[in-house]
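Encoded as structure tokens, the structure appears first; notes follow it.
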Amino acid sequence: MQGFKKNSAVFLFIAIAVVPVLCGFIYSLLYSVGLAGLLGKGFTLEHWEKLLASSDGLMSIGYTFYLTITTIALSMIMAFAYAWYHFRQPSERSVSKLYLPLLFPPLVAGMAWYFVLSPSGLLSRWSYALGFIQRVEDFPRWVNDDFSFGIILTQFFLVFPIFTLLFLNISKKENLRELYRTALHLGGDKRYFFKNIFLPILWSKGKWVVVLYAIFLMGTYEVTLILGQTNPRTITVFIMEKLSKYNLNDIPQAHAMSVLYSTMMLLFMMILFRLKNWRIA
Amino acid sequence: MRRLLQIVLLLLVLLPAVVLLWLSLAKEIGYPSFFDSSFTFDFWKNVFTGGEGLLKSLLWSLGIAFFVAMVSTVFGFIISKKIASSDFGQRSLQLAYLPYLIAPVVLGAMLQFYFTRLGCTGSVIGVMMAQLIFIMPYAVLVFSGFWTPHIKQLAFQATTLGASNYYVLQHIVLPVARSWFFLTFSQCFLISWFEYGITELIGVGKVQTLTIKSMVYVKESSPQYGAVAACMMIIPVLLLFVINSRVFLKKEVEG
Amino acid sequence: MIVLKNITKKYQGKSVLFDLSLEISEHETMCILGVSGCGKSTLLKVMAGLELADGGSFEMEEQHVFDIPAEKRGIVYMSQEPLLFPHLNVFENIAFGLRVRKWTNSEVEEKVNALATRLGLTEELMKMPHQLSGGQKQRVNFGRSLIIEPRLILLDEPFGSLDSQTRAEMQQLFHDVRKEKKITALFVTHDIKEALIMGDRIARMDKGQLKVYPNSGAFLNSGDDDVVKELSFWNGVINGEMI
């Protein structure tokens with residue numbers, strides 16, 4: 001009893017962090033198998049079959065992964081490159097501009113890039129003024145397009161500065177400049193240092209932030225809503241669309257997708273925690 | 001090549017700000033006008049004279065974000081203190097990531113039923129409750145960084161000098177935690193301030209925060225008011241950023 | 001008179017203090033020597049009220065100290081880190097204990113100024129802790145403890161993080177002030193020389209148990225391993241064998 005009293009705040013915290021998630025998960029699970037909701041007529045796997053058989057649902061999952069992996073890979077490569085460039089030629093002025101994107105909420109970033117990239121947007125107007133295009137139709141399609149260029153660029157705009165600042169911070173904290181000098185004294189060269197010391201240290205210290213941002217991108221909603229196509233769409237847009245449609249038959253699919261997505265993310269984290277190199281000390 | 005990359009990077013970070021400013025101030029935005037634009041403050045003035053309901057949205061957003069951040073910060077302080085002195089509390093901290101792991105929007109979708117049952121959908125209270133569900137655990141996570149062994153030792157030092165628990169809290173812990181209060185409050189404020197998905201789901205269009213209003217402008221193709229709303233969303237972020245770098249980071253450097 | 005009887009303390013089933021007994025007379029400084037992890041810091045924490053003992057008794061002037069909350073024991077704990085309150089200047093750091101006891105401003109001012117003069121801190125009173133050197137910080141810490149005239153001061157390797165010159169200065173200062181103010185103290189260190197300078201009596205702590213020597217001479221003649229090593233080193237230096 002005394003132990004309970006002593007740890008009551010911890011239990012309260014666990015309750016607030018876990019109970020809503022658990023309740024929501026159970027309700028969505030019940031809804032997806034016909035045991036809850038307006039149209040619930042008893043146990044059925046019909047909605048799950050519909051979700052897994054339709055290209056619509058599976059495309060959403062694949063599309064979400066495509067966007068996340070592309071953005072993360074691009075942001076990481078550029079952030080590593082920038083950190084290395086800055087390591088070789090430090091300049092506080094060049095870093096300061098990276099703080100500007102941090103002021104943009106995802107929704108605002110989505111809106112702003114829409115106004116920059118759309119056929120009647122800023123870049124199109126500049127191209128017209130400079131004589132690169134003659135009509136608005138000549139401007140390439142960069143928003144609501146097949147390759148999701150607009151979404152990837154916007155997400156890159158949001159994530160790249162964070163990764164870069166993170167890597168610069170790690171490089172400073174881990175005293176990489178000193179290690180660089182030591183590596184050169186010991187006969188290593190620039191290339192060897194980059195490959196065997198610089199990259200591994202930045203990655204090992206920053207990998208959890210990268211994973212957290214990947215998870216954040218998987219669940220992002222506003223950017224893909226503004227800049228994405230009707231089909232394919234991300235998991236979050238899929239769920240929201242099915243939920244808010246007037247067709248009540250679509251709602252169980254939204255819940256099935258919510259259950260599927262939550263399970264996927266939980267499994268992913270559980271596997272990650274079990275991997276030796278990913279354990280949190 | 002390096003110079004070109006620098007220019008591309010500069011454009012990348014500046015273009016969104018330029019376009020928002022231009023749209024919020026340009027009188028005419030018919031294609032292809034840009035360099036010949038004439039400017040007006042009419043759209044901004046409209047906000048402060050109550051036109052378009054933007055002022056109301058701004059106040060709702062401020063109110064909700066302020067309340068959610070206040071409650072979360074106080075909760076974060078109290079609970080993180082208890083967790084720091086608990087036997088297994090530290091391990092439970094990772095649970096704060098759970099709502100983010102499954103995405104706030106998905107969580108909102110899964111919880112909508114309960115809010116409907118409680119009669120909270122379409123109300124400000126409902127939106128605040130929904131936001132608190134994922135912002136409160138986050139506040140605990142942020143504040144847990146404050147309770148280092150050093151802080152515990154400081155508190156104990158004050159105790160051995162004769163201070164009661166309340167005196168230690170009032171004269172040692174709270175003043176030392178000032179920058180952490182600011183950090184936690186501002187982060188929680190910003191999460192709430194940026195929030196769109198859950199507000200849309202639980203507010204069902206009746207709670208018109210600035211984010212909801214911005215999206216309405218995008219859907220209605222009213223870029224100028226959309227840009228004004230977007231600029232208004234950036235202002236508090238900028239303010240918090242400046243306060244943090246001017247007041248707290250400066251103090252930290254001195255410390 | 002301070003009397004500790006049969007103190008025991010376990011951490012996760014492992015004995016840190018085992019049946020430990022100790023007596024300290026009024027105005028006496030007892031030095032406890034011991035290697036890292038021998039339990040000496042735990043003993044101080046138990047006495048100050050930061051940790052609870054599993055068994056035993058602790059009496060001070062015939063009062064059962066374990067029944068008194070930490071803030072009312074009149075026992076001040078000084079650690080290796082000076083732990084100054086970072087948001088208070090030197091004056092307010094020293095005055096802290098008096099403010100807690102609700103002394104008037106003029107009384108606080110008078111007492112702090114007098115003590116600051118004795119400790120050589122007059123020029124530093126308006127400075128913030130981050131503007132002080134390591135030695136100055138420890139002086140402030142010392143002043144903050146002394147000002148409330150505690151019944152007992154517990155010093156947990158307080159000069160351990162100082163350079164050798166500042167350390168020697170602080171040892172001298174503490175030595176003089178403790179005589180002057182008739183302080184009762186328990187001083188923990190792993191440095192034999194420091195123990196000899198600071199202590200009226202010396203005790204050796206090993207595996208949670210304490211061996212107390214009646215005076216410095218008895219300690220030096222005890223055949224203690226570290227004493228033998230230290231003495232043979234200095235004999236070697238004197239006889240030129242080490243050069």
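Reckoned from all heavy atoms, side chains included, excluding hydrogens, waters and symmetry mates. Order of the sequence lines fixes the chain letters, A, B, ..., with proteins taken first and strands second; residue numbering starts at 1 for each chain. Given the structure is predicted, the values throughout are model-derived calculations rather than measurements.
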Contacts satisfying salt bridge (Lys or Arg N to Asp or Glu O under 4.0 Å) that involve residues 117-139 of chain A (not counting sequence neighbours) are Arg135(A)-Asp138(A)

Max heavy-atom pairs within cutoff under 4.5 Å with chain A, candidates Tyr217(B), Tyr138(B), Tyr100(B), Phe241(B), goes to Phe241(B)

Options Val116(A), Leu100(A), Leu102(A), Thr154(A), ranked by heavy-atom pairs under 4.5 Å with chain B, top entry: Val116(A)

With a 4.5 angstrom heavy-atom cut-off, could you sort out which part of Tyr114(A) is near chain B: side chain, backbone, both or neither? neither

In terms of heavy-atom contacts, Pro119(A) and Tyr31(B) come closest through O-CE1, 3.8 Å

Using heavy-atom distances under 4.5 Å, tell me whether Ser85(B) contacts chain A through its side chain, its backbone, both, or neither. backbone

Using non-hydrogen atoms and a 4.5 Å limit, figure out which bit of Tyr97(B) sits close to chain A: side chain, backbone, both or neither. side chain

Side chain from CB out, backbone as N, CA, C, O: work out which of these in Thr263(A) comes under 4.5 Å of a heavy atom of chain B, or both, or neither. neither

Residue by residue, scan residues 202-211 of chain B and write down, ordered by number, those that have a heavy-atom distance under 4.5 Å to chain A; if none do, write 'none'. Thr211(B)

Between Leu12(A), Ile14(A), Val18(A), Val136(A), which residue shows the highest count of heavy-atom pairs closer than 4.5 Å to chain B? Val136(A)

Sort Phe115(A) into side chain, backbone, both or neither according to what part of it lies under 4.5 angstrom from a heavy atom of chain B. both

At a heavy-atom separation under 4.5 Å, does Ile16(A) approach chain B through its side chain, its backbone, both, or neither? both

Which residue out of Cys231(B), Ser80(B), Gly30(B) racks up the most heavy-atom pairs below 4.5 Å with chain A? Gly30(B)

For Leu23(B), is it the side chain, the backbone, both or neither that has a heavy atom under 4.5 Å from a heavy atom of chain A? side chain

Can you give me the closest heavy-atom contact between Val108(A) and Ala230(B), atom names plus distance? CG1-CB, 3.7 Å

Most heavy-atom pairs under 4.5 Å with chain B, out of Phe160(A), Phe268(A), Phe104(A), Tyr99(A), belong to Phe104(A)

Using every non-hydrogen atom in the two residues, find where Ala17(A) and Leu95(B) come nearest and quote the distance to one decimal. CB-O, 3.8 Å

Closest non-hydrogen atom pair, Ser92(B) against Phe13(A): O-CE2, 3.2 Å

Interface check, chain B: of Leu103(A), Leu243(A), Val10(A), most non-hydrogen pairs under 4.5 Å belong to Leu103(A)

Would you please classify the geometry between the Trp126(A) ring and the Phe34(B) ring as parallel, tilted or perpendicular, with 30° and 60° separating the classes? perpendicular

Closest non-hydrogen atoms of Pro101(A) and Val13(B), given as atom of the first, atom of the second and distance, are CG-CG1, 3.6 Å

Quick one: what part of Tyr82(A) sits under 4.5 Å from any heavy atom of chain B, side chain, backbone, both or neither? side chain

Please look at Leu238(B) and chain A and tell me whether the side chain, the backbone, both or neither of the residue comes under 4.5 angstrom of a heavy atom of that chain. both

Do Phe113(B) and Tyr31(A) have ring centroids that are under 6.0 Å from one another? no

In terms of heavy-atom pairs under 4.5 Å with chain A, the winner among Leu12(B), Ile83(B), Leu20(B), Leu98(B) is Leu12(B)

Okay, Leu212(A) and chain B: the region with an atom under 4.5 Å from a heavy atom over there is side chain

Which residue out of Leu93(B), Leu190(B), Val18(B) racks up the most heavy-atom pairs below 4.5 Å with chain A? Leu93(B)

Residue part contacting chain B, namely of Leu29(A), when any heavy atom lies under 4.5 Å: neither

With chain B as the partner, which of Met78(A), His255(A), Met218(A), Met240(A) has the greatest number of non-hydrogen pairs under 4.5 Å? Met240(A)

Top of Met136(B), Lys219(B), Met215(B) for chain A proximity - count of heavy-atom pairs under 4.5 angstrom: Met215(B)

Side chain, backbone, both or neither: which part of Trp22(B) has a non-hydrogen atom closer than 4.5 Å to chain A? side chain

Counting heavy-atom pairs under 4.5 angstrom with chain B, the leader among Leu225(A), Leu98(A), Thr220(A), Ile26(A) is Leu225(A)

Measure distances from Ala129(A) to the heavy atoms of chain B and classify the residue's part below 4.5 Å as side chain, backbone, both or neither. side chain

Which portion of Leu117(A) sits near chain B, non-hydrogen atoms under 4.5 angstrom: neither

Reported NZ-to-CZ distance for the pair Lys82(B) and Phe11(A), which is rounded to 0.5 angstrom: 14.0 Å

Per-residue tally against chain A (heavy atom, under 4.5 Å) across Gly108(B), Ala229(B), Pro236(B), Ser214(B) peaks at Ser214(B)

Is there side-chain contact between Val105(B) and Ile239(A), with heavy atoms separated by less than 4.5 Å? no

Heavy-atom contact with chain B under 4.5 Å, split by part of Pro106(A): side chain

Other residues, nucleotides and ligands only: do more than 12 of their heavy atoms fall within 6.0 Å of CD on Glu28(B)? no

Without swapping roles, check the side chain of Tyr114(B) against the backbone of Cys23(A) for a donor-acceptor pair under 3.5 Å. yes

From CE (Met110(B)) to OG (Ser262(A)), nearest 0.5 Å: 4.0 Å

